[in-house]
2 protein chains.
Amino acid sequence: MNPTCDPSLKSWIPVSADSDFPIQNLPFGVFCRRSGEVAVGVAIGDQVLDLAVLHGAGHFSGTPVATDNVFARPTLNDFLACGRAAGSAVRAVVSSLLAEGNATLRDDTTLRNQTLVPQSDVEMLLPTQVGNYVDFYSSKEHATNVGSMFRDPSNPLLPNWVHIPVGYNGRASSVIVSGVDVRRPMGQTKADDADAPTYGPCRLLDFELEVGFITGSGNELGAQIPTDRAADHIAGMVLLNDWSARDIQKWEYVPLGPFLGKTFATSISPWLVTLDALEPFRVPGPQQDPQPLPYLQFSGDWAYDMQLEVWLQAADMSEPVRLTKTNFRYMYWNMLQQLAHMTVNGTNVLPGDLYGSGTVSGPTEDSRGSMLEICWKGTKPLTLPNGQQRKFIADGDTVIMRGWCQGDGYRIGFGELRSTVLSASE
Amino acid sequence: MNPTCDPSLKSWIPVSADSDFPIQNLPFGVFCRRSGEVAVGVAIGDQVLDLAVLHGAGHFSGTPVATDNVFARPTLNDFLACGRAAGSAVRAVVSSLLAEGNATLRDDTTLRNQTLVPQSDVEMLLPTQVGNYVDFYSSKEHATNVGSMFRDPSNPLLPNWVHIPVGYNGRASSVIVSGVDVRRPMGQTKADDADAPTYGPCRLLDFELEVGFITGSGNELGAQIPTDRAADHIAGMVLLNDWSARDIQKWEYVPLGPFLGKTFATSISPWLVTLDALEPFRVPGPQQDPQPLPYLQFSGDWAYDMQLEVWLQAADMSEPVRLTKTNFRYMYWNMLQQLAHMTVNGTNVLPGDLYGSGTVSGPTEDSRGSMLEICWKGTKPLTLPNGQQRKFIADGDTVIMRGWCQGDGYRIGFGELRSTVLSASE
């Protein structure tokens with residue numbers, strides 16, 4: 001086991017047992033101090049550790065980023081471009097500095113005060129400049145649910161689905177971070193019984209619970225990334241809410257796929273949880289039948305035992321209610337397969353790219369990852385604690401996504417992905 | 001008329017009548033000298049004018065870019081972010097400096113030698129860092145041809161096509177410039193009569209003749225760009241080759257649209273021809289019936305009388321042969337409508353984004369914009385001057401796209417978009 005993942009590790013910074021950010025996690029993010037200063041940091045308990053300041057103090061002199069302060073930047077891109085090994089080296093330094101018994105930072109009051117900031121005193125920014133955003137469709141349960149609702153319940157999957165990690169290009173510029181409000185989109189829709197389309201606010205606004213991976217080092221155009229090298233190009237994961245305007249999407253999506261039904265916003269959580277931190281939680285994924293083509297085969301376990309939840313809080317509710325609870329381990333296609341497939345034609349990946357898993361739905365009714373599925377196309381509305389009904393998301397609703405891997409006495413979590421929906425501006 | 005478009009204008013730099021780059025054009029591009037220096041330049045005849053040097057000499061002091069040398073950059077993005085009016089102001093300065101009778105630059109031998117470089121001595125780079133790339137599908141003739149081949153010849157257009165400028169998100173990272181070779185992609189395909197898919201080189205490699213527009217200033221997420229302000233956000237146009245792997249696309253594209261069949265490469269011409277230069281060539285577009293929804297209505301003429309050609313040169317041919325000759329004026333949906341539609345849901349546009357028109361096909365058999373249509377799904381192979389047959393593009397073939405607006409005694413052209421296809425690397 002990577003020593004930074006040792007469950008017995010403790011930090012001299014107090015971390016509660018239910019914190020998402022124990023010393024085994026150490027996710028990377030970009031934060032803004034109240035002074036306006038922006039830097040790359042690491043979450044530890046309820047604090048942020050400022051890596052730019054640590055770099056300036058020479059603490060990364062033994063790592064591949066020794067000569068370039070890639071942490072004094074407004075995004076993780078330059079750091080990610082250094083590759084997975086550089087990330088692991090930085091992680092090892094941070095783990096050591098924060099470990100119980102290491103006095104270097106703990107007893108250096110000046111440096112400690114410069115480097116540690118309460119998370120409540122910072123604003124988290126989008127972790128990367130997203131050069132490419134792709135959304136996959138890799139949950140068999142989700143694809144089956146959607147195919148059952150819109151096509152044929154007796155034959156819900158299209159023939160290509162079991163052979164290809166189906167995906168499509170999304171919109172990079174409208175990827176936003178947790179905390180940024182989402183405005184209900186306007187758009188063109190057509191009712192089934194109408195002669196012509198109309199223009200107005202989206203009426204069927206939905207979330208999709210996803211996990212996204214973010215790439216580290218890229219590849220040259222024309223070169224493939226095979227499954228056995230894919231993990232070297234993946235820096236870590238974030239939670240992802242693939243906001244969807246179902247009515248807009250329905251009218252526009254043939255024959256070239258989803259477009260304005262998706263492009264208005266995609267929300268992600270701010271902390272990049274590294275593959276290093278998630279390593280202990282790898283588990284076997286679902287059996288793939290038929291066997292995929294050789295370029296999609298892989299060795300090892302590449303599903304993750306990661307608990308995922310969606311909560312909803314309407315404007316007049318004092319606390320959120322849980323809508324779903326599922327697990328990332330159900331995903332049929334894994335990240336290695338997604339990245340290998342995407343680059344099999346020579347497509348180039350850039351550091352900081354975002355790749356969404358597709359909606360994560362589990363096998364049971366209470367583990368579905370979208371309102372479309374939870375309320376089964378609006379036929380099974382749910383009643384909130386405030387007495388209101390929901391088939392889709394209403395103005396003023398806050399959607400909260402949470403995810404974590406549960407270790408023995410600690411958890412590797414993402415923090416919250418929280419977004420409030422504003423009414424359309426007409 | 002904008003005085004920079006005056007047909008009687010002449011430059012003290014000799015420009016042949018059939019040059020794409022007379023003083024009325026003045027397109028912007030990014031060039032690399034043999035020394036390795038990169039800067040923004042303007043094409044004039046067979047020369048490039050170095051704007052970074054001109055800026056250093058104070059020649060843009062009266063313009064919005066006076067204090068920031070946005071031309072000493074490896075992309076046009078910073079310049080484009082200054083907006084359309086800044087572009088027009090720079091254009092006016094350049095037009096004046098190059099105009100017959102203006103001795104400022106002409107008689108300053110030192111500055112002239114620093115700023116003018118033969119185009120044959122420079123390498124043209126990708127003009128912008130493409131943050132978002134979207135491809136539309138706006139030629140009714142093309143959509144009709146495709147619908148006739150793959151769906152129903154008696155009812156080839158899907159119901160949404162006449163109501164929406166249909167489009168989809170493309171891959172930004174694999175946008176490449178003229179002169180960069182294109183490697184035939186590998187991928188997964190399935191023959192209609194096969195039980196299972198197979199892996200191998202694309203067998204049905206195609207070009208698509210398109211015109212792309214590149215955005216100048218962007219909009220905030222959540223704000224729309226209506227048709228009557230869209231032209232302020234469009235900097236200019238380039239030729240675009242939307243490379244397509246028909247067999248890969250056919251197997252993958254349901255239900256989420258084209259992906260690996262397109263993402264391996266999109267080629268564009270290096271010179272951004274401004275809307276200012278193209279202004280005299282605006283003509284009425286096709287009648288739109290049914291009338292689009294109000295947010296897609298516009299005033300004025302927004303089609304362009306722009307001649308477009310595709311030429312093919314196989315490896316053993318000494319000169320290319322013309323495959324098609326069409327005109328951009330046939331496009332059903334115009335750029336204003338495309339941009340207004342794309343942002344109607346609040347999607348944010350960035351400076352330097354690329355938006356493809358979709359394949360430009362005309363009403364006649366000799367004006368079709370792809371091999372798919374020219375050879376009608378492989379049923380009408382064409383014979384090249386070297387005796388070889390083609391249904392699609394072969395390894396070693398060079399595809400050349402040309403486009404220009406013909407004025408009285410001059411033409412506003414794009415230069416060539418030229419790409420050679422390399423064999424797949426297996």
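Reminder, nothing fancy here: chain letters follow the sequence lines and each chain counts from 1. Keep in mind that what you see is a predicted model, and the values were worked out from it rather than measured.
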Could you grab the distance from atom CD of A:E252 to atom OH of B:Y168, nearest 0.5 Å is fine? 14.0 Å
What residue, out of A:P197, A:A245, A:G131, A:A172, has the most heavy-atom pairs lying under 4.5 Å from chain B? A:P197
Distance from B:W251 atom CH2 to A:I164 atom CD1, nearest 0.5 Å? 6.0 Å
Heavy-atom count around B:D195 CG within 6.0 Å, excluding the residue itself: above 12? no
Of all heavy-atom pairs linking A:P255 and B:V166, the shortest is CD-CG1, 4.5 Å
Do you know the tightest heavy-atom contact between A:V254 and B:N160? O-ND2, 3.0 Å
Looking only at A:P258, A:A265, A:G261, A:G147, most heavy-atom pairs under 4.5 Å shared with chain B are made by A:P258
Which answer fits A:I248, side chain, backbone, both or neither, if we ask what part of it has an atom under 4.5 Å from a heavy atom of chain B? neither
Would you say the rings of B:Y295 and A:Y199 are close, in the sense that their centroids are separated by under 6.0 Å? yes
Which atoms of A:V349 approach chain B - backbone, side chain, both or neither, heavy atom under 4.5 Å: both
Heavy atoms of B:G222 and A:S425 approach each other most closely as O-OG, 4.2 Å
Distance from B:Q188 atom CD to A:L296 atom CG, nearest 0.5 Å? 6.5 Å
Is A:N345 close to B:M186 at the side-chain level, that is, under 4.5 Å between some pair of heavy atoms? no
Answer yes or no: does atom NZ of B:K250 have more than 12 heavy-atom neighbours from other residues, nucleotides or ligands under 6.0 Å? no
Atom group of A:F136 that falls short of 4.5 Å from chain B, counting heavy atoms: side chain
So for B:L158, is it side chain, backbone, both, or neither that comes closer than 4.5 Å to the heavy atoms of chain A? side chain
Contacting region of A:Y137 [heavy-atom separation from chain B under 4.5 Å]: side chain
Could you give me the CA-CA distance, side-chain angles and deciding distance for B:T263 and A:N169, then say whether side chain to side chain donor-acceptor pair (under 3.5 Å) is met? CA-CA 9 Å; B:T263 56; A:N169 297 299; 6.0 Å; no
Check whether A:T343 gets within reach of chain B through its side chain, its backbone, both or neither, counting any heavy atom under 4.5 Å. neither
Check: A:L256 and B:Y253 side chains under 4.5 Å, non-hydrogen atoms: no
Using a 4.5 angstrom heavy-atom cutoff, name the option from B:R151, B:Q224, B:R183 with the most pairs to chain A. B:Q224
Side chain, backbone, both or neither: which part of B:D181 has a non-hydrogen atom closer than 4.5 Å to chain A? neither
Side chain / backbone / both / neither for A:L422 at chain B, heavy atoms under 4.5 Å: neither
Determine whether B:S174 and A:N348 satisfy the following criterion, side chain to side chain donor-acceptor pair (under 3.5 Å), listing intermediate values before the conclusion. CA-CA 6 Å; B:S174 54; A:N348 53 333; 4.5 Å; no
Tell me whether B:K377 at atom NZ has more than 12 heavy atoms from other residues, nucleotides or ligands lying less than 6.0 Å away. yes
For the residue pair A:L221 and B:F264, what are the closest heavy atoms and their distance? CD1-O, 3.4 Å
Is it the backbone or the side chain of A:D135 that comes under 4.5 Å from a heavy atom of chain B, or both, or neither? neither
For B:R171, does its backbone N or O pair with a side-chain atom of A:N132 as donor and acceptor, under 3.5 Å? no
Under a 4.5 Å heavy-atom cut-off, does chain B meet the side chain of A:R184, its backbone, both or neither? neither
Between chain B and each of A:G167, A:G218, A:P159, A:A223, count heavy-atom pairs under 4.5 Å; write down the option with the most. A:G167
